[in-house]
Amino acid sequence: MADKPISFARGAPSLDIVDVDGLREAAERAFTEDPGGTVAYGTSIGYVPLRAWIAEQHGVDPARVIVTNGSMQADAFLFDTLVGPGDAVIVERPTYDRTLLSLKNRGAAVTAVELEPDGIDVAAVERLLADGLRPKLAHIIPNFQNPAGYTLSREKRERLLALAADYDFTIFEDDPYVALRFEGESLPRMLDLDPEHVVYASSFSKTVCPGIRVGYLVGPEELIDRIKVLATNTYISPSMVSESIVNQFCRSGALDRSIATVKEALQKRAATLAATLTRELPEARFVAPQGGYFMWVELPEGADVDAIFAEAKERGVLIVKGTDFLMEGGENTFRIAYSGVTESEIEEGVKRLAEAVRAAAPGVVSG
Ligand SMILES: Cc1ncc(COP(=O)(O)O)c(C=O)c1O
C-alpha cells in the first residue's frame with residue numbers, strides 16, 4: 001500500500017472546511033461573556049441560551065428542546081424512552097449503521113422498508129400497517145440520507161404523517177444534514193407539518209464540527225420531560241463548554257458563514273465525484289446528491305463488495321460496504337463519503353476504486 005490512503009469511509013468534514021478561527025473566537029467569547037455558565041455543571045436540558053436559540057430557530061417553546069452531546073446521544077435517549085424489547089420499529093433500507101445497532105441492542109423488532117431515490121417506499125409502509133404491523137416508531141433520515149444521499153419528497157412526507165396519525169406511531173425525523181443543501185428547493189420539516197407525531201433530532205456536527213459533540217431533540221414537552229430525567233441520571237448535564245461555544249458561534253453569524261463554506265465545498269466534491277465515477281466506472285449506478293455527505297453506489301448483480309473492499313484497501317482507498325447498512329443483501333453496493341476528501345483526492349481515489357472493482361469483479365464490469 002505505497003500510495004497515500006484516501007478515505008471515502010468517514011462521514012466527517014476535512015479540516016479545511018472547519019472554521020477553526022471562528023471556533024477559537026467563539027470560545028474566547030464564551031469564557032469572557034459567561035464564565036460562570038460555561039464552566040458550571042449546568043442542567044440536563046443543556047446550556048440555556050443555546051437551547052433558547054434552537055427553540056427560536058424552530059419557532060417552538062424551549063420546553064420542547066433538549067440539547068445533548070451529539071445527536072447520537074439524543075437518539076439513544078429517545079430509543080431508551082420509547083423503544084423496549086420486542087417493539088416494532090420501521091427503518092429505511094439501507095439506513096445509518098449506528099441506528100440499526102442501537103435498535104438491535106435494545107431488542108427492537110426492526111422492519112426495514114426499501115429506500116427509493118425520493119425516500120422510503122410509503123406504499124410498502126402502508127401495506128405493512130394494513131397487514132397488522134403496529135410500530136412504535138419510524139426512523140427516517142429525510143434529507144441527504146446516510147448512507148444513500150436521497151431526500152424524502154414532500155408528497156411522501158405528507159403521506160407518512162397521515163399514516164402516523166392514522167396508526168398512532170411516532171416519526172423520528174433524524175435530520176443532521178438539512179442545512180447542507182447545495183441544489184434544489186428545501187422541503188418542509190415533518191416536525192413543522194405535524195408536531196404531535198414527530199420527534200426531531202439535528203446536530204452541529206456537520207455545520208460547526210463533529211468534535212464539538214452538540215446535537216439536540218425537539219419533541220412533545222411530556223417526552224422531553226421524561227428524557228430530562230434520563231439525561232440527569234446518565235451524565236448530570238451535557239458539556240456546557242461545548243454548548244456555550246456553539247451558542248457564541250451561532251449567534252455571531254459564524255454558523256451561516258460556516259454552512260456556506262461547507263456547502264460550496266460539498267457541491268464541488270459531489271460534482272467531481274459524479275463526473276469521475278461516470279468516466280472511470282460507467283457500470284456504477286448512482287443518484288447525484290443535492291446536498292449532504294454521501295453517495296450510494298450500486299454495481300451490477302454479482303459484484304462482491306467484500307472482495308471490492310479488500311482490493312480497494314490494497315490500493316489505499318477506503319469505502320464502507322453497503323452490507324453494513326442493511327440486515328441482509330446489498331453485496332453489490334457501497335457508500336462513498338465525499339465530505340472528507342479534496343477534489344483531487346476524489347479523482348485519484350475513484351481511479352483506484354475503479355481498478356479495484358475491475359480486479360474484484362472481472363466478470364461483472366468490463367475490463
Ligand atoms: C443520520 C445520522 N444521525 C445521527 C448521526 C450522529 O451525529 P452526531 O455527530 O450529532 O452524534 C449521524 C452522523 O453521522 C447521522 O448520519
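Note that the structure is a prediction, hence the values are computed from the model and not measured. Counting convention: from 1, in listed order, for ligands and their atoms alike.
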In ligand 1, the atoms that come under 4.0 Å of a heavy atom of Pro176 are 1 (C), 2 (C), 3 (N), 15 (C)
The atoms of ligand 1 lying under 4.0 Å from a heavy atom of Tyr177, numbered in the order shown, are 13 (C), 14 (O), 15 (C), 16 (O)
Ligand 1 atoms nearer than 4.0 angstrom to some heavy atom of Gly70 are 10 (O), 11 (O)
Of all protein heavy atoms, the one nearest atom 3 (N) of ligand 1 is Asp174 OD2, 3.0 Å
Within 4.0 Å of some non-hydrogen atom of Arg213, the atoms of ligand 1 are 8 (P), 9 (O), 11 (O)
Ligand 1 atoms nearer than 4.0 angstrom to some heavy atom of Ser205 are 8 (P), 9 (O), 10 (O)
For Ser203, the atoms of ligand 1 under 4.0 Å from one of its heavy atoms are 8 (P), 10 (O)
Honestly, for Gln145 the part within reach of ligand 1 (heavy atoms, under 4.0 Å) is neither
Review point. Got a salt bridge between Asp118 and Lys156, using NZ or NE/NH1/NH2 to carboxylate O under 4.0 Å?
Key: yes
Note: ligand 1 atoms sitting under 4.0 Å from heavy atoms of Ser71 are 4 (C), 5 (C), 6 (C), 7 (O), 8 (P), 10 (O), 11 (O)
Within the 4.0 Å heavy-atom cut-off, what Lys206 brings close to ligand 1 is side chain
Requested in this report: Return yes if a side-chain donor-acceptor contact under 3.5 Å exists between His58 and Tyr216, otherwise no.
Outcome: yes
Should Arg64 and Glu221 count as an ion pair when the cut-off is N to O under 4.0 Å? no
Taking CZ in Arg29 as the centre, count heavy atoms belonging to other residues, nucleotides or ligands within less than 6.0 Å. Is the count above 12?
yes
Enclosure of Glu28 CD (heavy-atom neighbours >12, cutoff 6.0 Å): no
Practice item. Describe, in one word, how the ring planes of Phe182 and Tyr338 are oriented to each other, choosing from parallel (under 30°), tilted (30 to 60°) and perpendicular (over 60°). Key: perpendicular
Item to complete: List the steps and the verdict of side chain to side chain donor-acceptor pair (under 3.5 Å) for Thr272 and Glu343.
Response: CA-CA 6 Å; Thr272 302; Glu343 286 167 72; 3.2 Å; yes
